[in-house]
Amino acid sequence: MPEEVLEQAREEMLDWHGSGMSVMEMSHRGKEFMSIADKAESALRELANIPTNYKVLFLQGGASSQFAVVPMNLLGGNAQADYVHTGQWSRKAASEADQYCSVHITATSEQDGFNSVPPLEQWHISPGTAYVHYTPNETIGGVEFQWTPDLSAAPGGNIPLVADMSSNFLSRPFDVSKFGLIYAGAQKNVGPAGLVIVIIREDLLAIPPLPGTPTMYRYKTHADHASMYNTPPTYAIYIMGLVMEWLKKQGGLAAIEQRNIAKAKLIYDLIDASSFYHCPVSRSDRSRMNVPFTLSDFGLDETFLKQAQAHGLLQLKGHRSVGGMRASIYNAMPLEGVQTLVTFMREFEKNHV
Ligand SMILES: Cc1ncc(COP(=O)(O)O)c(C=O)c1O
């Protein structure tokens, strides 16, 4: 979270703009909260340049719920959906979808241990598929697409592209018009956990959901009620609005992208110049958000983490499924934070080779 945002939230915690209420105490249908939600959505639309034929939905249930909600809503009459398999999150999305349809793996990077992304030439989109799902940033593996797939030339044409943008949403400019649907859990670049943002092209709302799809899991329910069908995650939406204003102040997505490039480069350059640290991900597909690395001597992992913590460098332990380290350097991580990490890593290497 950007520190400025946390400070503003603290200032406004007990009495939002003289309303006599905390945002947490407001009715979601009252004029105060409606203005907060409207402003948050407008700022997001402006930042991401979202075309008018796309709806923005504020939902709950985490990105993990979307793994089921996407097939429930987009399969229509199709029995098949395509998934690009690049790591743990895309695997989870595909295996959840497998309960509702036949999943066809369009492409995978399994053969190289999920350390790259499969180039578009290797994608085999199945004819008659309902949509193609991919994960632009694999948070655990640290693998990121540096390009947006253009499906317009795919057989059948006009297949909706669906993206789980949870971990690189708003970290760079992206062309919404290339997507049928984008979803992102808020907790990386947008705000606190508890909010999921869905951006959906309006024509997809006409697809009849699978029979038995609960009302709350129908995109149309939320689109028809401007995300106010039930009580939305109000405080998370409020914080999201503050983060959007912060992003605008940083210069928008093009400026934040430059900052993210510079931050990631600092760590990758250090790793590549060293035989003490190692990053397994192919250079062209490395994530700007999540930098996984290992030490040449695994026996030093615990010491590294302990000493890092003593330097104020927290949460560097890699995901439990892969081990090693992972530096997650989302939008709000300042360049100075990354510089501190790099200085520490250099010192640690000097003291342990
Ligand atoms: C790419 C990606 N997808 C999905 C998820 C799951 O999100 P949630 O915990 O909000 O369900 C995560 C969480 O880290 C993620 O990084």
Side-chain angles (χ1 to χ4, degrees), residues 1 57-74 81 83-99 103 108-109 114-118 131-146 148-149 161-172 174 179 181-200 216-217 222 227 232-233 235-237 239-240 243 260 264 281 285-292 314-333:
M1 291 295 298
L57 310 179
F58 295 140
L59 307 180
Q60 303 185 58
S64 302
S65 292
Q66 295 303 310
F67 295 165
V69 176
V70 164
M72 281 173 162
N73 283 270
L74 298 192
Y83 280 74
V84 179
H85 185 198
T86 47
Q88 297 203 33
W89 288 114
S90 50
R91 183 183 53 74
K92 279 198 168 173
S95 53
E96 186 73 7
D98 195 48
Q99 301 193 64
V103 166
T108 179
S109 50
F114 300 110
N115 284 318
S116 64
V117 303
Y131 57 85
V132 178
H133 177 286
Y134 84 118
T135 308
N137 186 62
E138 285 281 2
T139 323
I140 296 170
V143 173
E144 185 173 14
F145 283 78
Q146 307 301 336
T148 302
L161 179 64
V162 176
D164 171 5
M165 261 192 213
S166 293
S167 54
N168 67 350
F169 189 55
L170 305 186
S171 67
R172 56 166 80 202
F174 57 106
F179 297 86
L181 186 149
I182 293 167
Y183 63 93
Q187 63 267 30
K188 278 31 177 195
N189 279 332
V190 177
L195 166 67
V196 184
I197 293 169
V198 168
I199 303 172
I200 181 169
M216 278 294 290
Y217 283 179
H222 300 284
S227 302
Y235 200 75
I237 292 170
I239 297 286
M240 174 208 148
V243 173
N260 287 331
V281 181
D285 305 326
R286 286 175 169 176
S287 170
R288 296 175 187 163
M289 298 283 100
N290 312 97
V291 182
L314 310 178
Q315 314 211 75
L316 283 166
K317 199 174 165 73
H319 190 268
R320 61 189 180 282
S321 58
V322 289
M325 314 296 157
R326 180 176 48 155
S328 285
I329 48 173
Y330 296 112
N331 282 352
M333 171 59 71

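In each ligand, atom 1 is the first atom listed, and ligand 1 is the first ligand listed.
Asn189 and Ser171 are not linked by any side-chain donor-acceptor pair at a separation below 3.5 angstrom, with hydrogens and angles left out of the test. A donor atom on one side chain and an acceptor atom on the other are found under 3.5 Å apart for Ser328 and Asn290.
Under a 3.5 Å cut-off, the side chain of Gln146 and the backbone N or O of Arg286 do form a donor-acceptor pair. Using modelled atom types, one side-chain atom of Ser167 and one backbone atom of Asn137 make a donor-acceptor pair closer than 3.5 Å. The backbone N or O of Thr139 lies less than 3.5 Å from a partner atom in the side chain of Arg326, making a donor-acceptor pair.
The contact set between ligand 1 and Thr139, taken as ligand atoms under 4.0 Å from a residue heavy atom, comprises 1 (C), 2 (C), 15 (C), 16 (O). Set against the non-hydrogen atoms of Gly62, the atoms of ligand 1 under 4.0 Å away are 10 (O), 11 (O). Atoms of ligand 1 lying under 4.0 Å from any heavy atom of Phe67, numbered from 1 in the order shown and given with element: 4 (C).
Distances from ligand 1 to the non-hydrogen atoms of Ala63 include at least one value under 4.0 Å. Ligand 1 has at least one atom lying under 4.0 Å from a heavy atom of Gln187.
The protein non-hydrogen atom at the shortest distance from atom 3 (N) of ligand 1 is Asp164 OD2, 2.6 Å. Ranking the protein heavy atoms by distance from atom 11 (O) of ligand 1 puts Ser64 OG, 2.6 Å first.
Counting heavy atoms closer than 4.0 Å to ligand 1, residue Tyr183 contributes nothing at all. When heavy-atom distances to ligand 1 are checked against a 4.0 Å cut-off, Ser166 comes that close only through its side chain, counted from C-beta outward. Only side-chain heavy atoms of Lys188 come within less than 4.0 Å of ligand 1; its backbone N, CA, C and O stay farther off.
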Under the criterion side-chain contact (heavy atoms from CB on, under 4.5 Å), I'd like the reasoning laid out for Lys188 against Phe169: C-alpha separation, chi angles, the key distance, then a yes or no. CA-CA 8 Å; Lys188 278 31 177 195; Phe169 189 55; over 6 Å; no

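Aromatic pair His222/Phe58: ring centres not closer than 6.0 Å.
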